[in-house]
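To keep things clear, I will list the structure first and then write my remarks on it.
What you see is a predicted model; the values in this text were computed from it and never measured. Indexing begins at 1, ligand by ligand and atom by atom, following the structure's order.
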Amino acid sequence: MAESGVELFPNQIAIGLSKTGDAINSVDVRHTKTGIITRFNAPVFVDATGDGWLGFWAGAEFRYGREAASEFNESWEKHGDLWSPKVADNKVMGTSVLWNSHKGKNPSRFPSIPWAKAVAKNSDKIQGEWFWEYSNNNLNQIDDAEQIRDHMFRAIYGNFANAKKQPKHALQELKFVAHIGGRRESRRLMGDHIYKMSDATSGTYFDDTVVEEKRELDTHYQKKEKGHSADYLSTALFHHVDMYYIPFRSFYSKDISNLMMAGRCFSCTHVGLTGPRVMNTCAQMGIATGYAAALCKKHNSTPREVGKSHIKELRSLIGYS
Ligand SMILES: Cc1cc2nc3c(=O)[nH]c(=O)nc-3n(C[C@H](O)[C@H](O)[C@H](O)COP(=O)(O)OP(=O)(O)OC[C@H]3O[C@@H](n4cnc5c(N)ncnc54)[C@H](O)[C@@H]3O)c2cc1C
């Protein structure tokens with residue numbers, strides 16, 4: 001808000017857009033408190049919705065799920081199908097619901113909740129971290145978000161109810177249960193470059209590099225896939241890599257001429273997403289696409305033209321020499 005030339009519109013949810021040919025004209029947003037709908041007209045848009053909503057509405061090509069290992073040569077023999085399947089499927093990393101409890105001053109009771117039993121079974125944990133995560137591949141992370149969140153509620157409240165039956169937890173009280181699930185992966189909008197595992201493992205430096213990171217590839221899978229009884233816990237596989245670089249071509253849609261992407265909906269494979277899907281890298285994408293939007297305006301250009309004709313200027317704005 002302190003930046004000049006930036007206007008912030010909080011409490012607004014995008015609900016649709018209008019298009020002419022391959023370009024977006026405007027995006028409609030609804031105020032979450034007043035219900036008032038506002039139309040934003042602009043020459044260029046950045047989709048930072050995580051779920052790629054603008055691209056989806058505009059008809060941009062997107063991917064959801066895991067590519068076959070052979071499509072981009074993304075196998076990791078040691079972990080086989082847990083890393084990358086032989087045949088493409090719709091598995092993605094899951095949604096986490098974080099929670100904790102603390103010791104109160106007085107003994108407290110917790111109600112019996114039979115509806116939770118089927119998920120929690122006899123487990124009796126009193127807090128949950130990132131690995132309290134659910135990704136049933138019959139459920140879609142976007143369309144079935146509430147069902148996924150509610151499954152986690154049954155795991156959480158059921159565990160706590162089981163714990164509360166034990167005298168040692170008489171003082172324990174629920175402190176915090178997130179009411180919104182934290183989603184890791186859903187739609188990925190396709191750009192001129194699809195960022196993939198070998199881009200990270202080879203450390204390829206692209207002429208149009210605008211984001212860089214040194215963080216291992218880190219994909220999650222349900223513990224149940226390894227015979228564990230709980231289906232609401234996940235674990236991670238880490239593949240070590242050195243510094244890797246992401247080209248600007250992964251941050252604009254190949255189909256929609258005035259649409260860029262920043263965040264986990266950028267153009268990548270499932271494995272390609274596993275490293276850059278975190279805050280530092282996603283924030284760099286925001287910086288790159290923000291500057292690119294300013295250059296689109298300055299040069300009356302599309303993002304693709306900025307990538308072709310003004311990449312030196314873009315990289316210099318970002319801080320590259
Ligand atoms: C449990 C958990 C733990 C994590 N731990 C870490 C960690 O320790 N370190 C780290 O770096 N990263 C961590 N991450 C990853 C990191 O939080 C995410 O990868 C990152 O936030 C992705 O950013 P994003 O902006 O692309 O997507 P999101 O975080 O999903 O943000 C998308 C935003 O767009 C908004 N939005 C969606 N649709 C609309 C619409 N139609 N109109 C308006 N707004 C909309 C959403 O409300 C949301 O605010 C964690 C993630 C999870 C789930």
Side-chain angles (χ1 to χ4, degrees), residues 8-18 24 26-33 35-40 42 45-58 60 62 64 92-100 127-135 140-143 145-146 148-149 152 155-156 176-189 191 195 211-222 232-236 238 246 250-251 259-268 270 272-290:
L8 194 64
F9 298 90
N11 300 318
Q12 307 275 0
I13 181 145
I15 53 170
L17 52 77
S18 73
I24 299 172
S26 63
V27 172
D28 287 349
V29 303
R30 183 190 290 126
H31 196 284
T32 52
K33 290 181 183 165
I36 291 172
I37 295 175
T38 310
R39 178 160 295 172
F40 287 89
F45 294 86
V46 180
D47 190 334
T49 63
D51 294 335
W53 278 112
L54 298 194
F56 179 69
W57 289 327
F62 69 91
Y64 180 102
V92 290
M93 287 176 280
T95 290
S96 291
V97 177
L98 303 184
W99 69 289
N100 61 25
Q127 64 171 24
E129 298 174 40
W130 64 265
F131 50 84
W132 281 62
E133 174 182 0
Y134 185 47
S135 68
N140 181 284
Q141 291 287 315
I142 299 170
D143 301 337
E146 292 201 350
I148 290 168
R149 190 268 321 265
M152 292 306 298
I156 292 167
F176 164 79
V177 181
H179 67 283
I180 299 176
R183 203 175 289 156
R184 287 188 176 76
E185 181 180 359
S186 53
R187 294 186 197 110
R188 292 169 273 117
L189 303 176
Y195 188 76
V211 169
E212 53 186 69
E213 177 58 291
K214 186 179 180 180
R215 176 179 183 271
E216 56 254 287
L217 308 184
D218 152 24
T219 190
H220 296 191
Y221 64 94
Q222 295 297 139
Y232 52 87
L233 299 177
S234 73
T235 190
F238 295 99
I246 313 183
S250 292
F251 301 123
L259 180 66
M260 289 184 274
M261 305 76 87
R264 60 183 174 80
C265 58
F266 84 101
S267 175
C268 57
H270 161 79
L273 178 68
T274 61
R277 67 190 169 80
V278 290
M279 291 184 281
N280 182 359
T281 344
C282 288
Q284 292 181 54
M285 298 174 199
I287 289 169
T289 52

Is there side-chain contact between [X] and [Y], with heavy atoms separated by less than 4.5 Å?
X      : Y      : value
Ile246 : Phe266 : yes
Leu217 : Phe238 : no
Arg184 : Val92  : no

Shortest protein contact, [atom] (heavy atom only):
atom                    : answer
atom 23 (O) of ligand 1 : Cys282 SG, 4.0 Å
atom 13 (C) of ligand 1 : Val278 CG1, 4.1 Å
atom 39 (C) of ligand 1 : Thr49 CG2, 3.8 Å
atom 15 (C) of ligand 1 : Arg277 O, 3.9 Å

Looking at [X], which atoms of ligand 1 are within less than 4.0 Å of one of its heavy atoms?
X      : answer
Ile13  : 40 (C), 41 (N), 42 (N), 43 (C)
Gly182 : 53 (C)
Ala48  : 32 (C), 33 (C), 34 (O)
Ser96  : 1 (C)
Gly263 : 26 (O)

Considering all heavy atoms, the nearest [X]-[Y] contact:
X      : Y      : result
Tyr134 : Met152 : CB-SD, 3.5 Å
Tyr232 : Ala155 : CG-CB, 3.4 Å
Ser135 : Gln222 : N-OE1, 2.7 Å
His270 : Glu185 : ND1-OE2, 2.8 Å

Option whose closest heavy atom lies nearest to [atom], chosen from [options]:
atom                    : options                      : result
atom 41 (N) of ligand 1 : Gly181, Gly16, Ala14         : Ala14
atom 1 (C) of ligand 1  : Met261, Arg184, Glu185       : Arg184
atom 11 (O) of ligand 1 : His220, Gln12, Met279, Arg30 : Met279

**Message:** Side chain or backbone, does Trp130 bring an N or O within less than 3.5 Å of an N or O on ligand 1?
**Reply:** no
**Asked** ligand 1 and Arg264, any nitrogen or oxygen pair closer than 3.5 angstrom?
**Response** yes
**Fill in**
Note: Glu133, heavy atoms under 4.0 Å from ligand 1, region reported as neither
**Message:** One residue to check: Cys265. Relative to ligand 1, which of side chain, backbone, both or neither has a non-hydrogen atom less than 4.0 Å away?
**Reply:** neither
Protein heavy atoms near [atom], is at least one of them under 4.0 angstrom away?
atom                    : result
atom 50 (C) of ligand 1 : no
atom 34 (O) of ligand 1 : yes
atom 5 (N) of ligand 1  : no
atom 30 (O) of ligand 1 : yes
atom 9 (N) of ligand 1  : yes

**Prompt:** How long is the gap from CH2 on Trp53 to CG on Asp47, to the nearest 0.5 Å?
**Reply:** 10.5 Å
Looking at [Y], is its backbone amide N or carbonyl O close enough to the side chain of [X] to form a donor-acceptor pair, meaning the two atoms are under 3.5 Å apart?
X      : Y      : value
Arg149 : Gly181 : no
Glu213 : Pro276 : no
Arg277 : Asp218 : yes

**Asked** Parallel, tilted or perpendicular: which fits the ring planes of Trp99 and Trp132, with parallel below 30° and perpendicular above 60°?
**Response** perpendicular
**Request:** Tell me, please, which residues at least two apart from Ile15 pass side chain to side chain contact (heavy atoms under 4.5 Å, CB included).
**Result:** Ile13, Asp28, Arg30, Ile37
